[in-house]
Amino acid sequence: MVVLSPAPIHHNLGDIETCKPTTNIFTGIPVVDLSDKNAKTLIVEACKEFGFFKVINHGVSMEFLTKLEEEAVKFFNLPQQEKDKSGPSNPFGYGNKKIGPNGDVGWVEYLLFCTNSELISQDATTIIPGISETLWGLVNEYVSAIRSMVCEVLEMIAEELQIEAKDAFSRLIRDEKSDSCFRLNHYPPCPELQALSGRNLIGFGEHTDPQIMSVVRSNNTSGLQICLRDGSWVSVPSDHTSFFFNVGDSLQVMTNGRFRSVKHRVLANSLSSRVSMIYFGGPPLSEIITPLCCVMEEVEESLYKEFTWSEYKKSAYKTRLGDNRLGLFEKSATDK
């Protein structure tokens, strides 16, 4: 059993957002068995309706996932002064409470890793001081396994959309210059929640992921919520044996809005720690992000202005978490 120390990382709740409680447990999350012959159809349907789905029978061993979680827990259990040696995140490394450069904060501490192949080949302490070689090795092994899974899913999507180039999406993740990253999040228990008069404390504020697709795996503590089309927030039941896939902004653009980039957030828990691991599959910085002609109908117009991933990434870094980042790149009636 993986156990985190109970001491919270923050003592001042005043600057962290809260929200009204919701008891809606969402039972309608699409579940995709990767060994199912209908998997690619189910994935595309889920991407269109929710931008979110759960993957089972993925082939990643639970023993390995437990080892990685244990090593992450060891790091987050270190004294604060030891963890601080691995930060501040800029953007990679250890971060505590602060999320990004524009004032967003949350009840969270994290480690953010670059997955660029040139960096991965270097010594752990060169990239992030204070990280054990064991954790570094497990992270690299995890990233390799999840990258393969993401590429498999993206190729299923291309087949279902009848795109001639099976690797239309996956080549961007496989590219050695792919701008992907990996994040370990720790949301400590928050016994002070009673002081919030029934409101929920937000561990990580609402946002969409700007990349192509991201994959989340967490321990058995709940907290993840997604926003449905009607604007309601629903809780995702925890499942430490499965992976949850999120459609990102870039994939929404590449499908000309057919797929939905899902807005999500994480709430703090009063008694239990939540540890999550997220792989963000991004394209190379120079890649032009635009709707694929092979996806669009003959007379269909693009909903988005053309941009490079580098341009979108820079723009996203200038915004707050909850801002509509894609709004700046949507075509107006005049543009069309």
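Throughout, residue positions are numbered sequentially from 1 according to the sequence presented.
- For Asn38, the CG atom counts as densely surrounded, since its 6.0 Å shell holds more than 12 non-hydrogen atoms of other residues, nucleotides or ligands.
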### Task
For Met254 and Thr290, run side-chain contact (heavy atoms from CB on, under 4.5 Å): C-alpha distance rounded to whole Å, both residues' side-chain angles, the deciding distance at 0.1 Å, then the answer.
CA-CA 5 Å; Met254 294 174 79; Thr290 188; over 6 Å; no
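- Taking the centre and axis of the six-membered ring of Tyr110, the NZ or CZ atom of Arg183 falls inside the cone set by 45° and 6.0 Å.
- Listed for the Glu152 side chain is no donor-acceptor partner under 3.5 Å among the backbone atoms of Met149.
- In the hydrophobic clustering of this structure, Leu303 groups with Trp309; members are Ile, Leu, Val, Met, Phe, Trp, Tyr whose side-chain heavy atoms approach within less than 4.5 Å, directly or through other members.
- Within a 6.0 Å radius of NZ in Lys67, no more than 12 heavy atoms belonging to other residues, nucleotides or ligands are found.
- Under the 4.5 Å side-chain criterion, counting only non-hydrogen atoms from C-beta, Ser180 is not in contact with Phe280.
- Atom OG1 in Thr319 sits 8.0 Å away from atom CG in Leu328 (nearest 0.5 Å).
- Between Cys190 and Leu201, the shortest heavy-atom contact is SG-CD2, 3.7 Å.
- Residues satisfying the salt bridge (Lys or Arg N to Asp or Glu O under 4.0 Å) test with Glu206, not counting sequence neighbours, are Lys263.
- No side-chain donor from either of His240 and Asn219 sits under 3.5 Å from a side-chain acceptor of the other.
- Judged by distance alone, with hydrogens and angles left aside, the side-chain atoms of Asp15 form no donor-acceptor pair with the main-chain N or O of Val105 at under 3.5 Å.
- With contacts defined as side-chain heavy-atom distances shorter than 4.5 Å, the pair Val275/Tyr187 does not qualify.
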Can you give me every donor-acceptor pair (side chain of residues 44-64, partner residue at least two apart or in another chain, under 3.5 Å) with its distance?
{"from": "Lys54", "atom 1": "NZ", "to": "Asp239", "atom 2": "OD2", "distance (Å)": "3.1"}
{"from": "Asn57", "atom 1": "ND2", "to": "Asp33", "atom 2": "OD1", "distance (Å)": "3.1"}
{"from": "Asn57", "atom 1": "ND2", "to": "Asp33", "atom 2": "OD2", "distance (Å)": "2.8"}
{"from": "His58", "atom 1": "ND1", "to": "Val60", "atom 2": "N", "distance (Å)": "3.0"}
{"from": "His58", "atom 1": "NE2", "to": "Thr241", "atom 2": "O", "distance (Å)": "2.7"}
{"from": "Ser61", "atom 1": "OG", "to": "Glu63", "atom 2": "N", "distance (Å)": "3.4"}
{"from": "Ser61", "atom 1": "OG", "to": "Phe64", "atom 2": "N", "distance (Å)": "2.9"}

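- No donor-acceptor pair closer than 3.5 Å links the side chain of Thr308 to the backbone N or O of Glu287.
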### Query
side-chain contact (heavy atoms from CB on, under 4.5 Å) between Asn269 and Ser222: does it pass, once the steps are laid out?
CA-CA 8 Å; Asn269 190 293; Ser222 60; 4.2 Å; yes
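- Residue Glu160 holds its CD atom at 7.5 Å from CD of Gln162, rounded to the nearest 0.5 Å.
- Under the 4.5 Å side-chain heavy-atom criterion for ILVMFWY residues, a single connected hydrophobic cluster contains both Val247 and Val150.
- Distance CG/Leu292 to OG/Ser302: 10.5 Å, rounded to 0.5 Å.
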### Message
One pair to check against side-chain contact (heavy atoms from CB on, under 4.5 Å): Leu267 and Trp233. What are the steps and the verdict?
### Response
CA-CA 11 Å; Leu267 305 184; Trp233 285 95; over 6 Å; no
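- The nearest pair of heavy atoms linking Gly95 to Ser89 is CA-OG, 4.1 Å.
- Distance check: Asp167 CG to Glu164 CD gives 11.0 Å after rounding to the nearest 0.5 Å.
- Here the two rings, on Phe329 and Tyr312, have centers that are under 6.0 Å apart.
- With contacts defined as side-chain heavy-atom distances shorter than 4.5 Å, the pair Ile131/Leu111 qualifies.
- Residue Cys19 holds its SG atom at 4.5 Å from CD1 of Ile202, rounded to the nearest 0.5 Å.
- One N or O on the side chain of Thr221 and one on the backbone of Ser273 form a donor-acceptor pair closer than 3.5 Å.
- Between Ile163 and Phe169, some side-chain heavy-atom pair lies under the 4.5 Å cut-off.
- Using a 4.5 Å heavy-atom cutoff, the side chains of Leu172 and Ser178 are not in contact.
- Within the 3.5 Å criterion, the main-chain N or O of Phe259 finds a donor-acceptor partner in the side chain of Thr255.
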### Task
Kindly indicate, with the supporting measurements, whether the criterion ring-ring contact (aromatic ring centres under 6.0 Å, His included) is fulfilled by Tyr279 and Tyr142.
CA-CA 9 Å; Tyr279 172 78; Tyr142 181 87; 8.1 Å; no
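- A distance of 13.5 Å separates OG1 of Thr208 from CD1 of Ile226, quoted to the nearest 0.5 Å.
- Residues Ile212 and Ile173 share a closest heavy-atom pair of CD1-CD1, 3.9 Å.
- Of the charged side-chain nitrogens involved, at least one lies within less than 4.0 Å of a carboxylate oxygen, so that Arg258 and Glu300 count as a salt-bridged pair.
- Using a distance-only test at 3.5 Å, with no hydrogens or angles considered, no donor-acceptor pair links the side chain of Arg217 to the main chain of Ser242.
- Between Leu68 and Met277 there is a side-chain heavy-atom pair separated by less than 4.5 Å.
- Looking at Leu271 and Pro189, their side chains never come closer than 4.5 Å, going by heavy atoms from C-beta outward.
- For the 3.5 Å distance criterion, the side chains of Gln225 and Ser235 qualify, holding a donor opposite an acceptor.
- No donor-acceptor pair under 3.5 Å is formed between the side chain of Asp179 and the backbone N or O of Pro283.
- With 3.5 Å as the limit, one finds no donor-acceptor pair spanning the side chains of Gln211 and Ser250.
- A heavy-atom distance below 4.5 Å is not found between the side chains of Asp104 and Lys98.
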#### Entry: His207 vs Ile99, side-chain contact (heavy atoms from CB on, under 4.5 Å): CA-CA, chis, key distance, verdict
CA-CA 12 Å; His207 63 287; Ile99 303 169; over 6 Å; no
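- Listed for the His264 side chain is a donor-acceptor partner under 3.5 Å among the backbone atoms of Val262.
- Side chain of Trp107 to main chain of Pro188: a donor-acceptor pair is present (N/O by atom type, distance under 3.5 Å, no hydrogens or angles).
- Side-chain contact of Tyr304 with Gln252: a donor-acceptor pair under 3.5 Å is present, judged by distance alone.
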### Message
Using the rule given for salt bridge (charged side-chain N to carboxylate O under 4.0 Å, His left out), can you reason through Glu109 versus Lys83, listing the C-alpha separation, both sets of side-chain angles and the distance that settles it, and then say yes or no?
### Response
CA-CA 10 Å; Glu109 60 178 343; Lys83 291 185 285 190; 3.0 Å; yes
